[in-house]
Amino acid sequence: MFRKILIANRGEIAVRIVRALREMNILSVAVFSEVDRGALHVQMADEAVCVGPAPSLESYLAANGIVDAALRTGAEAIHPGYGFLSENAAFAKSCSEAGIRFIGPSWQAIEQMGSKTAARRLAVAAGAPVVPGTKPGEDVRTAAARIGYPVLLKAAAGGGGKGMRRVDSERELQSAMEAASSEAERAFGSGEVYVEKLIERPRHIEVQVLGDEHGHLIHLGERECSLQRRHQKVVEECPSPLVLKHPELRAQIGEAALKIARAAHYSNAGTLEFLADQSGAFYFLEMNTRLQVEHPVTEWVTGVDLVEWQIRIAAGEPLTLRQGDVEWRGSAIECRVYAEDPEHDFFPSPGRILGYVEPSGPGVRVDAGVYPGWTVPLEYDPLLAKLSVWGETRGAAIRRMRRAVSEYRVLGVTTNLSLFEKLMSDERFLAGDLDTGFLSEFMRRISPKESNPEALTASILAAANAGRSSAPQQRRDREGADETPWRLQTRAGLLH
């Protein structure tokens, strides 16, 4: 087993990994940017190394600096978490070349599955169902005409909704291709796009797989991830309400996921993502070759510690679980708590956290990376914490989430907690009638008919003010002598 591991990430996932390492009696090394010097993961780790200024490209995405930090501190392995360098095949390869263990799949598997088009070809060869789309060597225009409109343009090299466009007719195709390709080029360094048939009212279902380096692979069931804003997940649950209606679906979609993972010679933790229609027919979408943000719901329901197993597998240990050993008990739900304003198009709300109280009690878990007095930086994703709960049934889990949300207190920044409070009482959500357009439709139903342009302007100014924060500015933040985003928003009536 490893003696020391470097965590190439920040925020709540870095804290989660520090805690796993402490339980395993392994020393932890945190990395941080200059703006994250006071971050919780830095305070909790056994050692910490500054890897650059605030911009991600100069710190958390600076692969050479991360590897150098591992070498200087004597770390034998690197856990990338999710995001940043977690699915960067070149980084995983550079770790291997430096004699450092990358806690994840091989760089070859990352490279193969990182391209959606290559992953799609692998899925077809493995006999897994895929959404009708571009064939090898086929141009987008020909594929769209063959499939039939509406179609979905997608970036071949990335995800998160970047480079994605719905196209309803041929006359829209050229402009959509130009826009999607340009966005994909900026986001991923590749403007390649491909086309898929658009499935109306799809559900986003993903399957967690876990495999060792001795050829043994299992799946840990599915997660429902249909509640999204701008193609980013907000609420996830296990089991999927669709599986509750069609119990045979778990084995079917699980086996399809394993076929693809086996074809990729996959090891460690990974997630196969599928689109499903309301009848239960499903189609492979893509693979995420890393730990997922929503892994707690799988841990709740199966009792399997995914982070610990990631580390054990990377150390060469065999997976002791067999498919027949996996049991699913009860229901779990996760809400991603962001510093953002759901009433104003989920606009980011950076600033200093003046008060912070987490919920607790039976069946409640909070994975957080913040504390009272911490300033939420503008430079990174505004995820504060992941609130997850477990209950004997889906209804019990929803009631527990409702209670947990009512106990959660974050003062100083606007959060999306009010959204979850309303969502957990929504009739459609309670019925499990979900699809990827659910949240947009839900927001239209609950949003006031008239917007407040003055409040939105104040929120934009607040974010801009936070973005200009420098070291002296942060010092004044601590002394309480400046105009913080919280003060601006309070005067604008944005905090409730």
Side-chain angles (χ1 to χ4, degrees), residues 7-19 30-33 35-36 38-42 44 54-56 59-61 79-87 159-162 223 225 227-237 271 288 290-297 299 306-307 333-342 344-353 356-359 365-372 374-389 401 404-405 408-420 423 439 463 466-467 485:
I7 304 162
N9 218 295
R10 64 180 300 279
E12 55 82 22
I13 185 55
V15 171
R16 165 74 175 94
I17 298 168
V18 167
R19 287 177 168 145
V31 296
F32 63 93
S33 69
V35 75
D36 269 345
L40 185 60
H41 75 285
V42 176
M44 291 182 63
S56 298
S59 51
Y60 297 109
L61 286 171
H79 196 306
Y82 40 69
F84 293 128
L85 294 168
S86 63
E87 294 183 278
K162 297 289 193 302
R223 296 183 287 254
C225 302
L227 270 63
Q228 306 174 5
R229 54 111 173 92
R230 295 193 290 271
H231 303 288
Q232 291 284 350
K233 303 163 191 172
V234 177
V235 177
E236 303 96 353
E237 56 183 301
T271 299
N288 290 317
R290 54 171 168 78
L291 189 69
Q292 292 281 86
V293 177
E294 56 273 19
H295 73 274
V297 295
E299 293 182 328
L306 287 167
V307 176
I333 301 173
E334 176 184 285
C335 293
R336 301 190 188 188
V337 182
Y338 285 97
E340 62 185 16
D341 187 354
H344 293 93
D345 198 26
F346 298 95
F347 197 81
S349 175
R352 193 202 296 176
I353 296 175
Y356 184 76
V357 180
E358 294 178 351
R365 167 178 168 177
V366 181
D367 291 34
V370 300
Y371 57 87
W374 168 244
T375 297
V376 181
L378 184 65
E379 289 84 359
Y380 313 115
D381 185 271
L383 179 66
L384 304 180
K386 301 178 311 195
L387 170 61
S388 61
V389 300
M401 179 62 79
V405 168
Y408 216 138
R409 297 287 183 271
V410 184
L411 301 178
V413 297
T414 303
T415 72
N416 59 348
L417 284 168
S418 61
L419 169 65
F420 303 132
L423 183 62
L439 194 58

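Counting begins at 1 with the first residue of the sequence.
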Quiz item: Is any NZ, NE, NH1 or NH2 atom of the basic residue among E87 and R290 found under 4.0 Å from an Asp or Glu carboxylate oxygen of the other?
Solution: yes
Quiz item: Atom OG in S33, atom CG in L61: separation rounded to 0.5 Å?
Solution: 11.0 Å
Quiz prompt | Contact summary for V307 and H79, nearest pair of heavy atoms | solution = CG1-NE2, 4.3 Å
Quiz item: Can you check whether V234 reaches F346 side chain to side chain, under 4.5 Å on heavy atoms?
Solution: no
Exercise. Could you check if a side-chain atom of M44 sits within less than 4.5 angstrom of a side-chain atom of R19, using non-hydrogen atoms only?
Key: yes
Quiz item: Does K386 reach the main-chain N or O of V366 with its side chain, forming a donor-acceptor pair under 3.5 Å?
Solution: no
Self-check item: Separation between OG of S388 and CE of M401, rounded to the nearest 0.5 Å
Solution: 6.5 Å
Quiz item: To the nearest 0.5 Å, what is the distance between OH (Y380) and OG (S56)?
Solution: 5.5 Å
Self-check item: Closest non-hydrogen atom pair between G369 and E12, with its separation
Solution: N-CB, 3.7 Å
Exercise. To the nearest 0.5 Å, tell me how far E379 CD sits from S59 OG.
Key: 9.0 Å
Quiz item: Among side-chain atoms of Y60 and D36, is any donor-acceptor pair under 3.5 angstrom?
Solution: yes
Self-check item: Non-hydrogen atoms of P377 and V35 that approach each other most closely
Solution: CB-CG2, 4.1 Å
Exercise. Determine yes or no for a side-chain-to-main-chain donor-acceptor pair under 3.5 angstrom, with N9 supplying the side chain and P80 the backbone.
Key: yes
Quiz item: Going by heavy atoms in the side chains, are I353 and L411 under 4.5 Å from each other?
Solution: no
Exercise. Indicate yes or no: does R229 engage E340 in a salt bridge with an N to O separation below 4.0 Å.
Key: yes
Self-check item: Flag, side chain of N416 to backbone of P342, donor-acceptor distance under 3.5 Å
Solution: no
Quiz item: Taking only residues two or more places apart in sequence or in another chain, which ones pass side-chain hydrogen bond (donor to acceptor under 3.5 Å, both in side chains) with E358?
Solution: Y356
Quiz item: Do you know the tightest heavy-atom contact between A368 and A385?
Solution: CB-CB, 3.6 Å
Quiz prompt | Salt-bridge present (E294, K233; N to O < 4.0 Å) | solution = yes
Quiz item: Under 4.5 Å between any side-chain heavy atoms of S349 and D341, yes or no?
Solution: no
Quiz item: Any donor and acceptor pair, going by atom type alone, linking the side chain of H41 with main-chain N or O of V31 inside 3.5 Å?
Solution: yes
Quiz item: Considering residues at least two apart in sequence or located in another chain, which fulfil the side-chain hydrogen bond (donor to acceptor under 3.5 Å, both in side chains) criterion with R365?
Solution: E299, D367
Self-check item: Point-to-point distance, once rounded to the nearest 0.5 Å, from NE2 of H295 to OH of Y82
Solution: 6.5 Å
Self-check item: Cation-pi geometry met for R336 and F420 (6.0 Å, 45°)
Solution: no
Quiz item: Which atom pair, heavy atoms only, marks the closest approach of I13 to R10?
Solution: CG2-O, 3.4 Å
Quiz prompt | Short side-chain donor-acceptor distance under 3.5 Å, Y408 and T415 | solution = no
Quiz item: Is there a donor-acceptor pair closer than 3.5 Å between any side-chain N or O of D381 and the backbone N or O of L383?
Solution: yes
Quiz item: Would you call V18 and I7 a side-chain contact if the rule is heavy atoms closer than 4.5 Å?
Solution: yes
Quiz item: So, Q228 versus R230: side-chain donor-acceptor pair below 3.5 Å or not?
Solution: no
Practice problem: Of all the heavy-atom pairs spanning I333 and V297, show the shortest one and how long it is. | Solution: C-CG1, 3.7 Å
